[in-house]
Amino acid sequence: MLDSAFGAVFMVADETSLIEGAARLQPALIVVDLALAKGDLPCLLDTLRKQAPSTKVLLLSVHDESVAATALAAGTDGMVLKREIATDLLPAVDALLAGKRYVSRSVMV
């Protein structure tokens, strides 16, 4: 889905590769699956902010309210529920790149 909308999309398989890639590439946006955080989302977000301070971070998750509140408090720029990727992913990317926050509509925070 993102490949067709952007010139360069890089995928990683683990947290270490994500952090190294963020530091090396300094991307405008990182879309990260909550599963990569290994239970410590605030730590992962803090590390990403240190490695790529101007990068926007969009979180994908199967969880809603409890994770959304934690994610937003920890500094993620947006959150999309996996069940709403088809409708929310591209609008979320556009919003974050425009300097806005985005949270899937069905999430109550």
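FYI, the numbering just counts along the sequence from 1. Everything numeric here is computed off the predicted structure, so don't read it as measured data.
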Qualifying residues under side chain to side chain donor-acceptor pair (under 3.5 Å), relative to E84, sequence neighbours excluded: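 For E84, the residues satisfying side chain to side chain donor-acceptor pair (under 3.5 Å) (neighbours in sequence not counted) are S104, S106.
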
Partners of K100 by side chain to side chain donor-acceptor pair (under 3.5 Å), sequence neighbours excluded?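 None.
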
Is there a donor-acceptor pair under 3.5 Å between the side chain of D33 and the backbone N or O of L36?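 Between the backbone of L36 and the side chain of D33 there is no qualifying donor-acceptor contact (under 3.5 Å).
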
side-chain hydrogen bond (donor to acceptor under 3.5 Å, both in side chains): pairs with one or both residues in residues 40-50, sequence neighbours excluded: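 Listed once each, the pairs are D46-K50, R49-D77.
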
Pair E15, L44 - check side chain to side chain contact (heavy atoms under 4.5 Å, CB included), show working. CA-CA 8 Å; E15 184 176 337; L44 174 60; 3.7 Å; yes

Roughly how far, to the nearest 0.5 Å, is the [atom2] atom of [Y] from the [atom1] atom of [X]?
X   : Y   : atom1 : atom2 : result
L60 : L81 : CG    : CG    : 9.5 Å
I30 : L18 : CD1   : CG    : 5.0 Å
T76 : L48 : OG1   : CG    : 9.5 Å
K82 : D88 : NZ    : CG    : 14.5 Å
L96 : M79 : CG    : CE    : 13.0 Å

With R24, which residues qualify under salt bridge (Lys or Arg N to Asp or Glu O under 4.0 Å), at least two apart?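 Expected list: none.
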
Under the side chain to side chain contact (heavy atoms under 4.5 Å, CB included) rule, collect the residues that match up with E20, sequence neighbours excluded.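 T16.
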
In this structure, would V103 and V62 fall into the same cluster of hydrophobic residues linked by side-chain contacts under 4.5 Å?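 They do not share one cluster, since no chain of ILVMFWY contacts under 4.5 Å joins V103 to V62.
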
Any side-chain heavy-atom pair of V31 and L29 under 4.5 Å: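 V31 vs L29: side chains touch.
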
Show every donor-acceptor pair shorter than 3.5 Å between a side-chain atom in residues 51-59 and any protein atom, with sequence neighbours excluded, or say none if there are none.
| unit_1 | atom_1 | unit_2 | atom_2 | d |
| --- | --- | --- | --- | --- |
| T55 | OG1 | P27 | O | 2.5 |

Give me the atom names and distance for the closest heavy-atom approach of A71 to L45.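 Closest approach of A71 to L45, heavy atoms only: O-CD1, 4.0 Å.
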
